[in-house]
Amino acid sequence: MQKITDEAGIGQLSRARKQGLIQIENVDPGDVMDLLVSCIASAKLAQSGIRNEDGHTDRIVETFVDKLSKYLSSGREYLIFDEPIAELTEAAVREGVFVPAKGPAGMCAQAMAASGLMSRLPTFPTATVDEIIDIRSELAPSLTQFRSAMARASKSIGSAPWEHDFADGVHNEWVETVLPSIEAIKASVTDNSSLLSRATGIVGATNKAIPGLAVFGPALLSHHASIAAVGGAAALAAPIMQAIYDRNKVGNEIRMKPFYFLYAAAEALH
């Protein structure tokens with residue numbers, strides 16, 4: 001059993017479970033680990049076209065269908081479907097087995113749109129759970145802006161999140177809006193980084209003429225530099241100080257862009 005769980009990467013979920021980010025549903029008979037092992041074993045057998053006939057299978061299916069039906073009916077859940085489950089859900093809704101909440105499936109659409117966009121980041125599919133949790137914490141302010149963008153984007157996709165056409169809508173959103181925004185952010189980050197380089201270039205040639213400038217110039221590069229300068233050195237240091245102010249201001253503006261979270265997540269995982 002331990003070998004199966006290790007190979008499946010179940011251990012990676014420990015931190016997420018402790019932080020309350022995920023919850024594993026329990027169904028009798030057995031405990032949570034029994035259920036996980038049964039699911040993994042069923043998936044492995046299914047790859048070979050074999051049905052798992054152990055005592056958990058029917059109960060797992062019944063519990064899954066029951067809970068999925070309830071979640072769809074509530075309309076208050078951030079559900080994410082893989083392709084097989086999306087097809088199952090679409091068929092069940094069409095046949096009246098599942099009855100989604102009235103009105104647009106907002107939260108589910110937001111989650112599916114976010115998942116679809118993040119899967120397009122080259123490094124994201126291979127990221128570990130710990131890396132994802134760390135990025136989520138480090139980019140919390142930008143994550144708020146990203147969620148707001150997903151609420152807007154999901155409204156522009158006409159299909160329900162479990163319908164086949166929804167993936168086409170996400171693709172269109174990526175091509176028309178998200179990718180151009182990420183490219184613009186990249187360009188802004190590059191330009192902002194060069195602000196300080198250009199400013200230090202102004203005073204670079206005069207470092208030898210004013211020795212004090214060579215000493216306190218590097219110190220100005222910190223965000224909280226406190227420097228006392230006199231005479232000509234102070235005048236020449238002004239461009240650097242202005243560049244630091246401008247860089248920090250522009251940097252804060254960049255981090256509040258709707259899709260900065262995607263850009264920064266990709267960079268962090270690179």
Side-chain angles (χ1 to χ4, degrees), residues 9-10 12-27 32 35-36 39 60 63-93 97-121 124-125 127-174 177-178 258-262 264-266 269:
I10 296 301
Q12 292 188 41
L13 301 180
S14 176
R15 181 180 171 193
R17 291 179 67 189
K18 288 179 180 178
Q19 294 186 15
L21 299 177
I22 65 169
Q23 178 180 349
I24 299 175
E25 296 284 358
N26 189 13
V27 292
V32 169
L35 173 61
L36 287 172
C39 290
I60 291 171
T63 301
F64 175 79
V65 171
D66 178 63
K67 289 187 176 295
L68 180 56
S69 178
K70 290 179 180 178
Y71 290 147
L72 286 172
S73 299
S74 76
R76 297 190 298 271
E77 307 294 340
Y78 291 96
L79 301 177
I80 296 179
F81 305 96
D82 59 15
E83 186 174 349
I85 299 305
E87 292 177 353
L88 169 66
T89 302
E90 183 176 9
V93 170
V97 178
F98 293 164
V99 181
K102 294 182 179 180
M107 291 184 175
C108 183
Q110 293 170 35
M112 285 291 288
S115 175
L117 294 176
M118 295 181 76
S119 68
R120 285 167 166 76
L121 301 179
F124 193 81
T128 66
V129 175
D130 281 346
E131 287 174 329
I132 293 173
I133 293 175
D134 289 340
I135 288 173
R136 181 179 183 272
S137 299
E138 293 169 7
L139 299 177
S142 301
L143 181 57
T144 300
Q145 301 299 320
F146 177 64
R147 286 171 174 163
S148 177
M150 289 300 93
R152 293 190 297 271
S154 62
K155 293 177 183 178
S156 68
I157 301 175
S159 304
W162 50 82
E163 293 178 350
H164 178 74
D165 291 344
F166 188 85
D168 295 334
V170 172
H171 174 75
N172 292 338
E173 188 70 20
W174 172 264
T177 304
V178 181
F259 299 108
Y260 178 81
F261 176 79
L262 290 179
L269 293 170

### Donor-acceptor under 3.5 Å (S73 side chain, V99 main chain)
yes

### Query
Do R152 and S148 have side-chain N/O donor and acceptor atoms under 3.5 Å apart?
yes

### Query
Closest heavy-atom contact between G116 and S119?
O-OG, 2.7 Å

### Message
Side chains of V178 and L262, heavy atoms from C-beta outward: is any pair under 4.5 Å?
### Response
yes

### Task
List the atom of L139, the atom of A265, and the distance in Å for their closest heavy-atom pair.
CD1-N, 3.8 Å

### Query
CG/L121 to CG/L269 distance, rounded to the nearest 0.5 angstrom?
8.0 Å

### Message
For Y71 and D66: C-alpha separation, side-chain torsions, deciding distance, then whether side-chain contact (heavy atoms from CB on, under 4.5 Å) applies.
### Response
CA-CA 9 Å; Y71 290 147; D66 178 63; over 6 Å; no

### Task
Could you tell me whether the side chain of E163 and the main chain of A160 form a donor-acceptor pair under 3.5 Å?
yes

### Query
Taking side chain as C-beta onward, heavy atoms only, is E131 less than 4.5 Å from D134?
no

### Query
Under 4.5 Å between any side-chain heavy atoms of V170 and M112, yes or no?
no

### Query
So, for Y260 and S142, which heavy atoms are closest and what is the spacing to 0.1 Å?
CD2-OG, 3.3 Å

### Query
Do any pairs count as a salt bridge (Lys or Arg N to Asp or Glu O under 4.0 Å) and have a residue in residues 78-88, sequence neighbours left out, and if so which ones?
none

### Query
So do L117 and M150 actually touch side chain to side chain, heavy atoms under 4.5 Å?
yes

### Message
Side chains of L68 and F81, heavy atoms from C-beta outward: is any pair under 4.5 Å?
### Response
yes

### Query
Can you find a pair of side-chain heavy atoms, one from V65 and one from F98, that are under 4.5 Å apart?
yes

#### Entry: Residues that N172 engages under side chain to side chain donor-acceptor pair (under 3.5 Å), provided they are two or more places apart
none

### Query
In this structure, are over 12 heavy atoms from other groups packed under 6.0 Å from R136 atom CZ?
no

### Task
Sequence neighbours left out, what pairs pass ring pair (Phe, Tyr, Trp, His ring centres under 6.0 Å) with at least one residue falling in residues 132-161?
F146-F261

### Query
How long is the gap from CD1 on I85 to CD1 on I80, to the nearest 0.5 Å?
13.5 Å

### Query
Are the side chains of D165 and D168 in touch, meaning some heavy atoms are under 4.5 Å apart?
yes

### L79 side chain reached by W162 side chain, heavy atoms, under 4.5 Å
no

